[in-house]
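Data first, discussion second: the structure below is written as C-alpha cells.
Values below: all heavy atoms of this structure, side chains included; hydrogens, waters and symmetry mates excluded.
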Amino acid sequence: MSTRLTIVRLMAIAGLSLSLTACGKVTAQMSFKDGIGAYQQQNYRTAIEELEQAVQYDFEYRPYAYFYLANSHDNAFKFTRKGQPENDAHLPEAEKYYKLAYEQIDPASREGQGATFKKRSLEYLVGLYGPEKLNKPDQALEVGQQIVALDPKDVNNYFGLSKLYKDMGRMEEAEQMLMKAKEAAPNSVDVQLQLAGFYNSQGNFDKTMEAFQTRIQLEPNNPEAYHTVAGYFEEKVRKDYTLKPATKVDYIKRGLDASSKAIEIKGDYVEALVMKNLLLRQQALVEKSPARQQELLKEANALRDKAIETRNRLQGEAEAAEAAAKAKGEKKSE
C-alpha cells in the first residue's frame with residue numbers, strides 16, 4: 001500500500017492561507033508550501049529538502065511538516081536498492097520524523113483531522129519496522145499496541161496487531177487479538193471472517209466452520225455466506241482422505257443444506273448451483289445403492305445445465321444492457 005496521501009486530503013491539512021508575519025515563519029510557510037507541491041508530484045528528494053527547511057522553524061504546521069517529511073523519506077527508500085548507504089539512510093530519518101509527528105500533532109487540530117494523522121504516523125511506523133525495511137518486529141509490536149490503545153473500538157487495529165503476532169509465529173497471541181476484536185464488535189462480520197481465515201491457516205477446520213456459521217447468524221439473508229460454507233465443506237470432503245465415512249457423509253449433507261439455502265435466497269446464483277452439483281457428485285461417491293447414485297448424478301447434471309443456462313442468460317442480459325446504454329449515450333451526443 002502506498003504511504004502517499006491523496007492531494008485533496010493533503011491540501012485540506014496544509015491550510016496555506018494562514019497569514020504568518022514573522023520572517024522565519026514566512027520562510028517556513030514558503031518551504032512547507034513548496035515541499036507539499038513537490039510531494040504531490042512524487043518528487044521526494046525536493047520535498048525532503050524543502051520540508052527540512054520548514055521544520056527548522058516553530059510554526060503552526062510544523063507537526064504536519066514532520067509527517068510529510070517522514071512520508072517523503074519513507075517513499076524515497078527503494079527496496080531494490082537496499083544496502084546502499086544513501087538509500088538506506090532514508091529509513092532512520094522516516095522513523096525519527098514519524099515519531100515527532102505522532103508526539104506533536106494535536107488530535108483536535110484541523111477539525112479533528114489531526115487524530116487521523118496521529119494514527120497514520122503510527123501505522124506507517126509499523127510498516128517501516130517491517131522485514132523489507134528496518135526489520136524491527138519488537139518495535140512494530142510496541143507501536144501496534146499503541147495504535148490499539150488510541151482507538152480500542154476499531155477492530156482493524158486488532159487485525160493488524162494479530163497479523164504482527166502471526167508473522168512472528170506467536171499464534172496464541174495472534175488469536176487473542178482477534179478475540180479482543182470480537183469483544184469490541186461482537187456483531188461484526190469482518191471479525192468472523194478474520195477468525196475463519198486465521199483458523200483455516202492453522203488447519204483448524206472445526207473452528208473455521210464455527211466462525212463461518214456465526215457469520216451466517218449475522219447475515220441470514222446473504223446467499224454468499226451460505227455458499228462460502230458449502231465451498232469449505234466440499235473442499236474438505238474432496239481433499240481430506242483421512243475423514244471417517246460418517247464424518248464425510250455429515251459434511252456433504254451440511255454442504256448441501258448450505259448450497260440449497262443460497263439458491264433459495266438467490267435463484268440465479270450460478271456459483272451456488274455449481275457447488276451443489278459438485279456436492280451431489282460427492283454424495284454419489286459415498287452412496288452404496290446404484291439406483292440412488294444414478295438419481296444423485298441426474299440431479300447434479302440438471303444443476304450443471306441450469307448453471308450454464310443461467311450464466312449465458314445473465315451474460316446476454318448484461319451485454320444487452322451495455323449496448324442499450326452505449327446507444328443512449330451516442331444518441332445524446334448527436
Once you round to the nearest 0.5 Å, how far does CG of L100 lie from CD1 of I105? 10.5 Å

Do S162 side-chain atoms and Y158 backbone N/O form a donor-acceptor pair below 3.5 Å? no

Distance col, row K266:NZ vs E271:CD, nearest 0.5 angstrom, shows 7.5 Å

Could you check whether the rings of F67 and F117 sit parallel, tilted or perpendicular, using 30° and 60° as the cut-offs? perpendicular

Residues S260 and D257: side-chain donor-acceptor under 3.5 angstrom: no

Say you draw a straight line from CG of N156 to CG of L161; how long is it, rounded to the nearest 0.5 Å? 12.5 Å

Side-chain (N277) to main-chain (L303) donor-acceptor, under 3.5 angstrom: no

Could you tell me whether the side chain of E287 and the main chain of S289 form a donor-acceptor pair under 3.5 Å? yes

Residues R313, E309; criterion side-chain contact (heavy atoms from CB on, under 4.5 Å); working and verdict: CA-CA 6 Å; R313 175 175 58 79; E309 178 188 347; 5.6 Å; no

If every non-hydrogen atom of H227 is compared with every non-hydrogen atom of A262, which pair is closest and at what distance? N-CB, 4.1 Å

Main-chain N/O of E52 paired with Q56 side-chain donor or acceptor, under 3.5 Å: yes

Rounded distance (nearest 0.5 Å) linking atom CG of D74 with atom CG of L91: 7.5 Å

Using salt bridge (charged side-chain N to carboxylate O under 4.0 Å, His left out), reason through R120 and E123 one step at a time and then give a plain yes or no. CA-CA 5 Å; R120 288 287 183 271; E123 290 175 340; 2.9 Å; yes

Just by distance, no angles: are the side chains of Y98 and N71 close enough, under 3.5 Å, to form a donor-acceptor pair? yes

Would you call the rings of F32 and Y61 parallel, tilted or perpendicular, where under 30° means parallel and over 60° means perpendicular? parallel

Taking atom CG of N75 and atom CD1 of I48, what is their separation to the nearest 0.5 Å? 9.0 Å

Yes or no on side-chain hydrogen bond (donor to acceptor under 3.5 Å, both in side chains) for T242 and D240, after CA distance, side-chain angles and deciding distance? CA-CA 5 Å; T242 68; D240 190 346; 2.5 Å; yes

Is there a donor-acceptor pair closer than 3.5 Å between any side-chain N or O of S109 and the backbone N or O of D106? yes

Can you tell me if K118 uses its side chain to pair, donor with acceptor, with the backbone of Y102 under 3.5 Å? yes

Any salt bridge linking K25 with D58? Criterion: basic side-chain nitrogen under 4.0 Å from a carboxylate oxygen. no

Cation-pi geometry met for K166 and F198 (6.0 Å, 45°): no

Both conditions, 6.0 Å and 45 degrees, for the charged tip of K236 above the ring of Y251: are they met here? no

Between L279 and I252, the two heavy atoms sitting closest are O-CG2, 3.8 Å

Mind running side-chain hydrogen bond (donor to acceptor under 3.5 Å, both in side chains) on T228 and E224 for me, showing each step along the way? CA-CA 6 Å; T228 299; E224 193 272 333; 2.7 Å; yes

For L69 and L51, which heavy atoms make the closest approach, and how far apart are they? N-CD1, 3.7 Å

Short side-chain donor-acceptor distance under 3.5 Å, Y199 and E175: yes

Would Y226 and Y269 count as a close aromatic pair, with their ring centres under 6.0 Å? no

Measuring from D268:CG to R311:CZ, what's the distance to the nearest 0.5 Å? 12.0 Å

Check whether any side-chain N or O of R62 sits under 3.5 Å from a backbone N or O of V55 as a donor-acceptor pair, and report yes or no. yes

Side-chain ion pair, R254 and D250, N-O less than 4.0 Å: yes

Determine, step by step, whether M179 and L195 satisfy the side-chain contact (heavy atoms from CB on, under 4.5 Å) criterion, reporting the C-alpha distance in whole Å, the side-chain angles of both residues, the deciding distance to 0.1 Å, and the verdict. CA-CA 8 Å; M179 296 310 293; L195 282 166; 4.0 Å; yes

Would the distance check show the side chain of K82 and the main-chain N or O of K133 forming a donor-acceptor pair, the cut-off being under 3.5 Å? yes

Positive for side-chain contact (heavy atoms from CB on, under 4.5 Å) with Y97, one of K99, E93, E95: E93

Please lay out, stage by stage, how Y57 and T27 fare under the test side-chain contact (heavy atoms from CB on, under 4.5 Å). CA-CA 8 Å; Y57 303 95; T27 300; 3.9 Å; yes

Identify the two heavy atoms, one from G114 and one from Y64, that lie closest to each other, and give their separation to 0.1 Å. CA-OH, 3.3 Å

Ionic contact status for E264 with K261, cut-off 4.0 Å: yes

Closest non-hydrogen contact found for V191 with A185 is CG2-O, 4.1 Å

Is it true that a side-chain atom of N157 and a backbone atom of G144 form a donor plus acceptor pair closer than 3.5 Å? no

Stepwise salt bridge (charged side-chain N to carboxylate O under 4.0 Å, His left out) test for E210 and K207: CA-CA 5 Å; E210 182 181 326; K207 284 197 172 183; over 6 Å; no

Run the side-chain contact (heavy atoms from CB on, under 4.5 Å) check on R304 and V274 step by step: do they pass? CA-CA 6 Å; R304 178 199 60 198; V274 172; over 6 Å; no

Regarding Q84 and N87, do their side chains bring together a donor and an acceptor under 3.5 Å, going by distance alone? no

